[in-house]
Amino acid sequence: MATRNGYSPRKFGTILDVSHIVIGIAVVIMAFFAFVSPDRYMIFFPVIFFLSSVLNIMTGWFYIKMYPRVKKKKTLGTFYIIVGLIILVLCIISAISIWSRA
C-alpha cells in the first residue's frame, strides 16, 4: 500500500535504516574522539546529542506516519519524539555551556 506521495512503507523503512547506520557511525566516531581527548574535542558533545535527537525524532515520525491505526506503534512513536525533544534540550544546554567558555 503506497501513501499519497508515492513512497511505500518499505522505502521509508529503508531510508530510516540507512540514516540510522550513517548517523550511528558518525556518533560512534565522535564519541570515541570526545572521550579520548575531551579538552580537544569538547565541541563534539552537543553534536552527538543533536544527532541522537534527530534519530529519535525520525524514528518517532516513522512510527506515527507508517502505523496510524496501531495504537501501540503510535504511542511508541510519540514516546520517541518526546525523548528526542528532551535530548534536543540537552543539546542546547550542552552547546550553551561549552561554547560560552570558548
Side-chain angles (χ1 to χ4, degrees):
M1 180 173 113
T3 58
R4 279 183 272 146
N5 59 4
Y7 280 99
S8 67
R10 187 174 275 176
K11 188 174 277 189
F12 274 132
T14 302
I15 292 169
L16 184 68
D17 289 342
V18 169
S19 65
H20 272 101
I21 291 169
V22 170
I23 294 175
I25 290 171
V27 165
V28 167
I29 291 170
M30 285 188 287
F32 173 76
F33 284 115
F35 285 110
V36 167
S37 179
D39 294 336
R40 187 172 179 191
Y41 298 107
M42 193 175 292
I43 194 152
F44 284 162
F45 286 110
V47 178
I48 291 168
F49 282 129
F50 177 73
L51 290 177
S52 66
S53 170
V54 167
L55 280 180
N56 277 308
I57 292 171
M58 281 176 53
T59 303
W61 175 83
F62 174 78
Y63 280 129
I64 289 172
K65 187 80 172 171
M66 291 297 116
Y67 303 104
R69 294 190 178 118
V70 182
K71 187 173 172 103
K72 274 187 175 180
K73 296 283 187 174
K74 209 169 174 184
T75 305
L76 184 62
T78 305
F79 176 73
Y80 272 121
I81 290 176
I82 290 170
V83 169
L85 292 174
I86 291 170
I87 295 173
L88 187 62
V89 168
L90 290 175
C91 167
I92 293 168
I93 292 169
S94 173
I96 289 170
S97 67
I98 289 174
W99 294 335
S100 66
R101 284 191 269 158

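- There is a path of hydrophobic side-chain contacts, each under 4.5 Å, that joins I29 to F44.
- Applying the side chain to side chain donor-acceptor pair (under 3.5 Å) test to every pair with at least one member in residues 35-49, sequence neighbours left out, gives no pairs at all.
- A donor-acceptor pair under 3.5 Å is absent between the side-chain atoms of S53 and the main chain of L85, judged by distance alone.
- Clustering ILVMFWY residues whenever any of their side-chain heavy atoms sit less than 4.5 angstrom apart, transitively, puts V47 in a cluster other than the one holding V22.
- Evaluation of the side chain to side chain contact (heavy atoms under 4.5 Å, CB included) rule for I82 yields T78, I86 as partners, not counting sequence neighbours.
- Considering only residues two or more places apart in sequence or on other chains, S52 meets the side chain to side chain contact (heavy atoms under 4.5 Å, CB included) condition with I87.
- Checked against side chain to side chain contact (heavy atoms under 4.5 Å, CB included), L16 has the following partners two or more places apart in sequence or in another chain: S19, H20, M58, T59, F62.
- Residues A26 and L51 share a closest heavy-atom pair of CB-CD1, 4.4 Å.
- One hydrophobic cluster, built from ILVMFWY side chains closer than 4.5 Å, cannot hold both V89 and F49; they sit in different ones.
- For the pair V27 and L55, the minimum side-chain heavy-atom distance is 4.5 Å or more.
- Atoms CD1 and CG, from I81 and L76 in turn, are 10.5 Å apart once rounded to the nearest 0.5 Å.
- Applying the side chain to side chain contact (heavy atoms under 4.5 Å, CB included) criterion to I21, with sequence neighbours excluded, gives I25.
- W99 and M42 fall within the same hydrophobic cluster, defined by Ile, Leu, Val, Met, Phe, Trp and Tyr side-chain heavy atoms under 4.5 Å apart, directly or through other members.
- Applying the ring pair (Phe, Tyr, Trp, His ring centres under 6.0 Å) test to pairs two or more places apart or on separate chains, those with a residue in residues 65-87 are Y63-Y80.
- One finds the NZ atom of K65 at 6.5 Å from the CZ atom of F12 (value rounded to the nearest 0.5 Å).
- With hydrophobic clusters built from ILVMFWY side chains whose heavy atoms lie under 4.5 angstrom apart, F33 does not share a cluster with V28.
- Between the S94 side chain and the L90 main chain, no donor and acceptor come within less than 3.5 Å of each other.
- Scanning both residues, C91 and P46, for their nearest heavy atoms gives SG-O, 3.3 Å.
- Residues forming a ring pair (Phe, Tyr, Trp, His ring centres under 6.0 Å) with F45 (at least two apart in sequence, or on another chain): F35.
- Side-chain contact between F50 and I92 is absent, with no heavy atoms from C-beta onward closer than 4.5 Å.
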